[in-house]
Undergrad: 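One structure coming up, written as structure tokens, with questions to follow.
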Amino acid sequence: MNRKIHLLLASALATNVAFGVAAQENSVTVVLSEELEIVEPCSATKSNVGRVLFQNISETVTEMDPNTGLQPRLAESWEDMGNGTWRFTLRPDVTFSDGTDMRTDDVAHSLVRMKSPDIACEIGAKFFGGIEITTNIIDEYTIDVTASPAQPILPMLMSTVTVTPSDTPLDSFVDHPIGTGPYTFDEYIRGESITLNANPNYWGEQPTVQSATYVFRGDSAVRAAMVAAGEADIAPNIALQDATDDALDFSYPNSETLFLRIEHAQEPLNDRRVREALSLAVDREAFVGTILANGTLLATGMTPPSTIGYNRDLAPYPFDPERARELLAEAAADGVAIETEITLIGRTNNFANVLETMEALLAMYQDVGFNMKLEMVEVAEWLERYAKPFPEDRGPQLIQAQHDNANGDPVFSMYFKYHSDGQQSGLLDPNVDAMIVDATAATGDERAAKWSELFTYLHEESIADVMLFHMVGFSRVNERLDFTPSIRTNSELQLSQIQFN
């Protein structure tokens with residue numbers, strides 16, 4: 001079917017579909033903490049986007065399962081051809097939701113598109129930064145993908161690559177995603193809801209859940225109450241104080257690391273003593289079991305303990321306000337402008353109790369002598385501050401962020417966050433750049449050792465960021481569902497994994 005005709009039909013049917021969802025026994029309602037700023041498949045690794053799109057609408061070449069490791073998805077198999085080239089064999093008879101066939105030219109186009117400078121795609125910048133990708137189509141089901149420098153874990157990296165049709169524009173984001181997944185994207189009423197329906201032409205098994213409606217509620221107590229009252233089926237993210245029902249609530253390590261991004265080029269943040277004072281001023285233990293859940297871990301690096309190379313010998317910075325004051329005094333004596341106002345920027349609804357967390361951090365920083373103010377902003381404005389190109393008139397900033405890495409390897413984090421050319425990096429450090437390149441190219445024990453060395457340098461030598469917590473998530477699930485949240489629930493929610501009791 002012609003894609004434009006398909007979209008027109010989908011739009012015409014959308015209203016009728018939405019009215020029918022609530023009455024269907026095989027439908028679910030998911031209540032999210034924040035709205036999606038975009039519905040672009042090549043940014044489906046953003047947590048708020050991924051909860052709706054990832055593996056529901058847009059599928060990946062391979063799939064990383066936290067329990068069983070790397071699995072086939074759109075590719076049936078892969079083979080190391082040497083010299084940085086891997087050969088992927090695609091499943092036959094896969095179609096996009098508009099009825100067109102998926103072939104190797106779609107994969108090749110998706111790889112080009114994710115690296116397009118015109119759209120700053122998250123997957124390309126986050127996971128393929130510093131890597132040149134070329135393709136060679138062998139036939140309609142076989143494609144060679146070459147990475148330079150060579151990537152020994154390229155099949156794992158391909159678990160982030162969402163495949164879109166070959167006519168998807170290279171210079172603009174889409175507002176109606178077309179994918180190969182078990183669901184179709186049927187309606188987005190901004191500020192209200194998103195509706196998905198089962199894809200009747202899906203190549204795999206038809207899911208039990210035939211339709212899903214996503215609604216947005218910023219208040220955690222409201223989200224929890226909606227599930228308890230049967231108005232919603234899943235609230236993927238609720239606050240500690242709202243997780244009060246053992247029959248409905250689940251806690252789990254959610255693979256997110258909470259930290260404050262420091263931009264090292266800005267005075268006074270360009271002084272190591274000031275950055276050390278920022279880390280020493282925070283009473284991390286005071287957050288655990290109060291604002292944040294019991295089981296929250298104090299962080300020393302960007303990735304959770306489940307990643308290779310995680311350095312368990314590193315100790316979190318202690319709470320030492322006196323030493324923080326001394327360091328600021330030393331810096332001031334040397335002419336560092338510590339009186340400069342620093343803006344602490346938080347992301348509204350990023351996680352439960354984010355406002356309380358940011359207010360507590362502000363109070364701790366002001367207590368040791370920092371001239372600091374707090375700004376809480378919505379996700380679109382937050383992205384303008386957090387990703388390059390940074391605003392020219394920004395002044396010194398600490399930006400609160402969470403980073404999700406459930407894939408087991410720091411390669412999914414390090415370039416994006418710390419390389420001089422990384423889209424969200426506040427560093428300009430040639431030593432870090434070289435260490436990232438070396439670790440990325442290594443394998444086995446050498447790879448783990450090089451990542452561990454980098455974690456040590458960032459934590460102790462550079463004090464790259466204010467590392468805070470490896471987070472614990474709480475989800476509330478209606479008893480009519482057979483679904484247990486996992487480490488991936490924060491960033492993806494595969495509707496096809498849900499059954500009914």
Side-chain angles (χ1 to χ4, degrees), residues 34 37-38 40 42-50 114-117 119-131 157 160 173 255-266 269-270 275 278 299 301-304 307 343-348 350-351 354 375 377-392 394-407 409-430 432-433 435-437 439-440 451 454-455 458-459 462-469 471 490-491:
E34 59 182 349
E37 75 279 12
I38 56 174
E40 169 54 57
C42 77
S43 288
T45 50
K46 292 181 178 180
S47 295
N48 62 332
V49 180
M114 75 175 190
K115 298 283 284 183
S116 170
I119 57 175
C121 172
E122 162 130 334
I123 292 170
K126 189 172 185 178
F127 303 131
F128 290 83
I131 303 171
L157 288 171
T160 68
F173 285 147
S255 75
E256 293 274 14
T257 300
L258 178 65
F259 67 102
L260 302 178
R261 203 277 303 283
I262 303 174
E263 192 178 339
H264 290 222
Q266 301 290 322
L269 302 177
N270 59 351
R275 298 196 298 275
L278 287 168
M302 182 64 66
T303 64
T307 52
T343 304
L344 179 63
I345 298 173
R347 175 173 157 182
T348 303
N350 186 213
F351 61 92
V354 62
E375 291 184 11
V377 298
E378 299 293 337
V379 60
E381 183 178 351
W382 176 86
L383 283 168
E384 292 177 357
R385 312 278 192 98
Y386 188 54
K388 294 176 180 176
F390 302 138
E392 293 184 2
R394 60 196 177 279
Q397 297 178 343
L398 289 177
I399 302 184
Q400 166 265 319
Q402 285 194 118
H403 175 62
D404 180 16
N405 186 334
N407 293 308
D409 194 292
V411 73
F412 293 96
S413 308
M414 292 295 103
Y415 187 95
F416 197 49
K417 298 296 186 184
Y418 289 124
H419 193 281
S420 297
D421 295 329
Q423 192 180 40
Q424 295 178 354
S425 173
L427 282 179
L428 291 170
D429 189 330
V432 171
D433 296 348
M435 294 170 79
I436 291 172
V437 171
T440 299
W451 285 132
L454 175 58
F455 285 132
L458 292 170
H459 183 65
S462 173
I463 313 181
D465 291 319
V466 181
M467 302 311 305
L468 294 172
F469 307 105
M471 302 288 276
N490 186 67
S491 57

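Because the structure is a prediction, the values reported are computed rather than measured.
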Undergrad: Is a side-chain N or O of Lys126 found less than 3.5 angstrom from the main chain of Ser43, in a donor-acceptor match?
TA: no
Undergrad: Can you tell if the side chain of Phe128 reaches within under 4.5 Å of the side chain of Thr160, non-hydrogen atoms only?
TA: yes
Undergrad: For Phe259, is there any backbone N or O sitting under 3.5 Å from a side-chain donor or acceptor partner on Asp465?
TA: no
Undergrad: Which value, rounded to the nearest 0.5 Å, describes the distance between His264 atom NE2 and Ile463 atom CD1?
TA: 9.0 Å
Undergrad: Go through the steps to decide whether Met302 and Asn405 satisfy the test side chain to side chain contact (heavy atoms under 4.5 Å, CB included), and finish with yes or no.
TA: CA-CA 9 Å; Met302 182 64 66; Asn405 186 334; over 6 Å; no
Undergrad: Which atom names give the shortest non-hydrogen contact between Tyr386 and Phe390, and what distance separates them?
TA: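 Looking at all heavy atoms of both residues, the shortest contact is O-CE2, 3.3 Å.
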Undergrad: Should Thr45 and Phe127 count as side-chain neighbours, where that means a heavy-atom distance under 4.5 Å?
TA: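 Yes, close enough: below the 4.5 Å cut-off.
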Undergrad: Is there a donor-acceptor contact under 3.5 Å from the side chain of Asn350 to the main chain of Val354?
TA: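 Checked: no pair found.
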Undergrad: Are Thr303 and Phe412 close enough that some pair of their side-chain heavy atoms sits under 4.5 Å apart?
TA: no
Undergrad: Could you walk me through whether Asn270 and Glu263 satisfy the side chain to side chain donor-acceptor pair (under 3.5 Å) test, starting with their C-alpha distance in whole Å, then the side-chain angles of each, then the deciding distance to 0.1 Å, before giving a yes or no?
TA: CA-CA 8 Å; Asn270 59 351; Glu263 192 178 339; over 6 Å; no
Undergrad: What pair of heavy atoms forms the shortest contact from Ile119 to Cys42, and how long is it?
TA: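 Minimum heavy-atom contact is CD1-SG, 4.1 Å.
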Undergrad: To check you understand the geometry: which heavy-atom pair defines the closest contact between Gly301 and Met467, and what is its length?
TA: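 Looking at all heavy atoms of both residues, the closest pair is O-CE, 3.2 Å.
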Undergrad: Using atom types as modelled and distance alone, determine if a side-chain donor or acceptor of Arg275 lies under 3.5 Å from a backbone N or O of Ser462.
TA: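 Yes, Arg275 side chain to Ser462 backbone: donor-acceptor pair under 3.5 Å.
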Undergrad: Report yes if the side chains of Thr257 and Lys417 come closer than 4.5 Å at any heavy-atom pair, otherwise no.
TA: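 Heavy-atom side-chain distance check fails, nothing below 4.5 Å.
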Undergrad: What are the two closest non-hydrogen atoms of Pro396 and Leu269, and how far apart are they?
TA: CB-CD1, 4.0 Å
Undergrad: Any carboxylate oxygen within less than 4.0 angstrom of a Lys/Arg side-chain nitrogen, looking at Glu375 and Arg385?
TA: yes
Undergrad: Are Glu378 and Leu383 close enough, and set up right, to give a side chain to side chain contact (heavy atoms under 4.5 Å, CB included), and what steps lead you there?
TA: CA-CA 9 Å; Glu378 299 293 337; Leu383 283 168; over 6 Å; no
Undergrad: To the nearest 0.5 angstrom, please state how far the CE atom of Met435 sits from the CG atom of Leu454.
TA: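 Spacing of CE (Met435) from CG (Leu454) equals 5.0 Å.
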Undergrad: Using side-chain heavy atoms (C-beta onward) and a distance below 4.5 Å, is Gln402 in contact with Ser47?
TA: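 Sidechains of Ser47 and Gln402: no contact.
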Undergrad: Is there a donor-acceptor pair under 3.5 Å between the side chain of Ser425 and the backbone N or O of His419?
TA: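 Such a contact is found between Ser425 side chain and His419 backbone.
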Undergrad: Would you please say whether a donor-acceptor pair under 3.5 Å links the side chains of Tyr418 and Asp433?
TA: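 On atom types as modelled, these side chains do not qualify, holding no pair under 3.5 Å.
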Undergrad: Would Thr348 and Val377 satisfy side chain to side chain contact (heavy atoms under 4.5 Å, CB included), going step by step from the backbone distance to the final call?
TA: CA-CA 6 Å; Thr348 303; Val377 298; 5.5 Å; no
Undergrad: Say you draw a straight line from CG of Asp429 to CG of Leu458; how long is it, rounded to the nearest 0.5 Å?
TA: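 Going from CG on Asp429 over to CG on Leu458, the span is 8.0 Å.
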Undergrad: Start with the C-alpha distance between Val411 and Leu157, add both sets of side-chain angles, then the distance that settles side chain to side chain contact (heavy atoms under 4.5 Å, CB included), and finish with yes or no.
TA: CA-CA 9 Å; Val411 73; Leu157 288 171; 4.1 Å; yes
Undergrad: Can you tell me how far apart CG (Leu258) and CZ (Phe469) are? Round to the nearest 0.5 Å.
TA: 7.0 Å
Undergrad: When you measure from the side chain of Asn407 to the backbone of Asp409, do you find a donor-acceptor pair of N or O atoms at a distance under 3.5 Å?
TA: no
Undergrad: Considering only heavy atoms from C-beta outward, does the side chain of Gln266 approach that of Gln397 to under 4.5 Å?
TA: no
Undergrad: Would you compute the distance between atom SG of Cys121 and atom CD of Glu40 and round it to the nearest 0.5 angstrom?
TA: 6.5 Å
Undergrad: Counting C-beta onward and ignoring hydrogens, is there a side-chain heavy-atom pair between Tyr415 and Thr440 closer than 4.5 Å?
TA: no
Undergrad: If you compare all heavy atoms of Thr307 against all heavy atoms of Pro410, which two are closest, and at what distance to 0.1 Å?
TA: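 Heavy atoms only, the tightest pair is CB-CD, 4.3 Å.
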Undergrad: Which pair of heavy atoms, one from Arg347 and one from Trp382, lies closest together, and at what distance?
TA: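 Heavy atoms of Arg347 and Trp382 come nearest at NH1-CZ3, 3.4 Å.
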Undergrad: Ignoring hydrogens and angles, state whether a donor on the side chain of Glu256 or Ser491 is under 3.5 Å from an acceptor on the partner side chain.
TA: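 Ser491 and Glu256 do not have a side-chain donor-acceptor pair below 3.5 Å.
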Undergrad: Taking the side chain as every heavy atom from C-beta outward, state whether Ile399 and Leu260 have any atom pair closer than 4.5 Å.
TA: no
